[in-house]
Amino acid sequence: MPNKIIMKTPIAELDGDEMTRILWGLIKEMLILPRVDLKTEYFDLGIENREATGDQVTHDAAQAIARLGVGVKCATITSNTARQREYKLSKLHPSPNATIRAALDGTVFRRPINVSRIRPTVSTWKEPIVIGRHAYGDIYRGAEMIIPGPGTVELVYRDLQGREERRMVADMKEPGIVMGIHNLDDSIRNFARACFLYALDEKLPIWFAAKDTISQTYDGRFKDLFEEVYQQEFKERCDEAGLSYYYTLIDDAVARVMKHQGGFLWACKNYDGDVMSDMIASAAGSLAMMTSVLVSPQGVFEYEAAHGTVQQHYYRWQKGEKTSTNPVALIFAWTGALAKRGELDGTPDLVAFARTLRDASLSTIEEGNMTGDLANLSNPRPEKVLNSWEFLEKVKEKL
Ligand code: NAP
Ligand code: MG
């Protein structure tokens with residue numbers, strides 16, 4: 001066995017729950033540790049340890065990601081009352097992803113992993129379409145009201161000195177509904193920054209779409225701030241990398257996406273991103289073939305799989321079954337983090353290892369070795385459905 005690949009700086013490693021925790025250990029043991037002198041700062045975000053530490057471990061982990069610049073995270077249980085009973089929790093802990101997102105002020109990017117045996121529902125898509133979703137404000141922080149009968153509805157802004165500015169929303173002649181929404185300039189700028197950083201990193205052109213013909217002030221502000229960040233901070237770097245920035249109306253963007261070959265970043269406002277990321281994920285194949293990365297405006301990267309802890313598979317594993325759970329998105333979380341670490345540290349061997357492992361996973365599937373979720377979508381269908389252990393063994397051989 002040749003010498004192991006050296007890492008200069010550690011990455012923050014956030015372990016998680018249930019079936020993904022089992023796969024996490026297997027991926028490290030079978031694919032990474034034999035080749036890499038792995039350096040991580042390890043945080044156990046499993047539900048028992050979050051309970052034992054009063055969730056302090058999640059905050060410590062978020063700080064470590066910010067300090068080290070790179071993190072990799074396993075899926076974790078978000079507690080609800082059923083989980084509280086199951087794990088005898090003293091209280092409901094906040095979602096770890098929400099805690100980390102808040103600490104890093106990040107934007108989430110979701111990218112499907114394409115393999116030729118699984119054809120997207122949209123026949124023109126050849127390259128992945130990546131969604132960058134703004135995760136603050138709009139209808140997710142709205143105030144809503146039922147209007148019971150005739151009367152006027154106004155927007156009122158009162159500054160700290162008590163001066164007021166008003167806009168008429170509607171002179172209602174009959175019962176109806178009203179909603180007030182907001183966003184913040186800095187949040188929009190940080191969203192734009194995260195999108196341009198991600199696009200430069202992944203060498204993707206950038207689209208941003210809103211509805212500024214109708215919402216001239218609100219969506220117009222989004223359009224203007226995106227343009228400002230592009231012109232002042234990123235245009236030169238994008239030009240050098242040969243990447244274009246393109247603004248269009250959201251309905252025009254949707255029409256173009258359906259005829260496009262893909263291979264771009266689609267920056268979406270909060271609601272558009274919610275809807276469009278499910279559309280892309282479903283049309284691209286499987287949740288188990290979707291990667292997710294949180295990028296902060298300071299250029300901190302946290303990699304994970306888009307799926308959850310695959311709870312039902314875990315219960316079957318506990319009864320002794322070797323489940324056919326797809327580890328590909330978790331492998332991609334590791335390869336994304338290791339490649340980024342290598343890039344930042346200037347250690348090309350680590351980058352090369354990460355790319356080789358990523359490619360080995362893909363060619364394993366291309367050659368017809370896959371787990372059950374993919375076997376059902378694959379054309380041609382594989383002769384045999386592999387369990388997770390068999391699949392990882394095939395990837396290891398390929399590697
Ligand atoms: P899930 O774990 O994503 O699983 C939903 C279903 O999708 C599974 O039952 C399975 O379908 C299929 N699936 C997902 N990943 C798969 C994989 N790698 N291989 C094969 N099939 C896969 O979602 P959930 O059951 O709604 O949530 C379970 C737990 O995960 C919850 O406690 C939730 O809080 C947590 N969660 C965490 C994150 C995160 O940490 N980022 C995200 C989402 C959910 P079949 O059963 O049909 O095989
Ligand atoms: Mg949604």
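For clarity, every value in this text was computed on a predicted model and none was experimentally measured. Just so you know, ligand 1 is whichever comes first in the structure, and atom 1 is the first atom listed for that ligand.
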Polar contact flag, side-chain donor to acceptor under 3.5 angstrom, [X]-[Y]:
| X | Y | result |
| --- | --- | --- |
| H134 | S187 | yes |
| N270 | R133 | yes |
| T356 | D359 | no |
| S324 | N387 | no |
| Q216 | D212 | no |
| R256 | Y246 | yes |

Which atoms of ligand 1 are found less than 4.0 Å from any heavy atom of [X]?
| X | answer |
| --- | --- |
| K73 | 40 (O) |
| A288 | 16 (C), 17 (C), 18 (N), 19 (N) |
| T325 | 17 (C), 18 (N), 19 (N) |
| R83 | 29 (C), 31 (C), 32 (O) |
| T78 | 32 (O), 34 (O) |

How about [atom]: does it have a protein heavy atom within less than 4.0 Å?
| atom | value |
| --- | --- |
| atom 7 (O) of ligand 1 | no |
| atom 24 (P) of ligand 1 | no |
| atom 32 (O) of ligand 1 | yes |
| atom 35 (C) of ligand 1 | yes |

Got the closest protein heavy atom to [atom], with its distance?
| atom | answer |
| --- | --- |
| atom 30 (O) of ligand 1 | T309 N, 3.0 Å |
| atom 37 (C) of ligand 1 | T76 O, 3.0 Å |
| atom 14 (C) of ligand 1 | H307 CB, 3.9 Å |

Given [options], which has its nearest heavy atom closest to [atom]?
| atom | options | answer |
| --- | --- | --- |
| atom 42 (C) of ligand 1 | G308, A329, A75 | G308 |
| atom 22 (C) of ligand 1 | V310, L374, T323 | V310 |
| atom 11 (O) of ligand 1 | E304, R316, Q312, H313 | H313 |
| atom 39 (C) of ligand 1 | N97, T20, N80 | N97 |

Geometric class of the H260/F264 ring pair [parallel <30°, tilted 30-60°, perpendicular >60°]: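 If you compare the ring of F264 with that of H260, the planes turn out perpendicular.
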Tell me whether the rings of F226 and F208 are parallel (<30°), tilted (30 to 60°) or perpendicular (>60°).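 Plane angle under 30°, so parallel.
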Contact (N/O only, under 3.5 Å) between N326 and ligand 1: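 Among all N and O atoms of N326, at least one is under 3.5 Å from an N or O of ligand 1.
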Give a yes or no answer on whether the side chain of T371 reaches the backbone of D373 with a donor-acceptor pair at less than 3.5 Å.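 Judged by distance alone, no pair lies under 3.5 Å.
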Would you find a donor on one side and an acceptor on the other, under 3.5 Å apart, between the side chain of T335 and the backbone of F332?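 Answer holds: yes.
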With side chains defined as the heavy atoms from C-beta onward, is the minimum distance between V153 and M172 less than 4.5 Å?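 Contact flag for V153/M172 side chains = yes.
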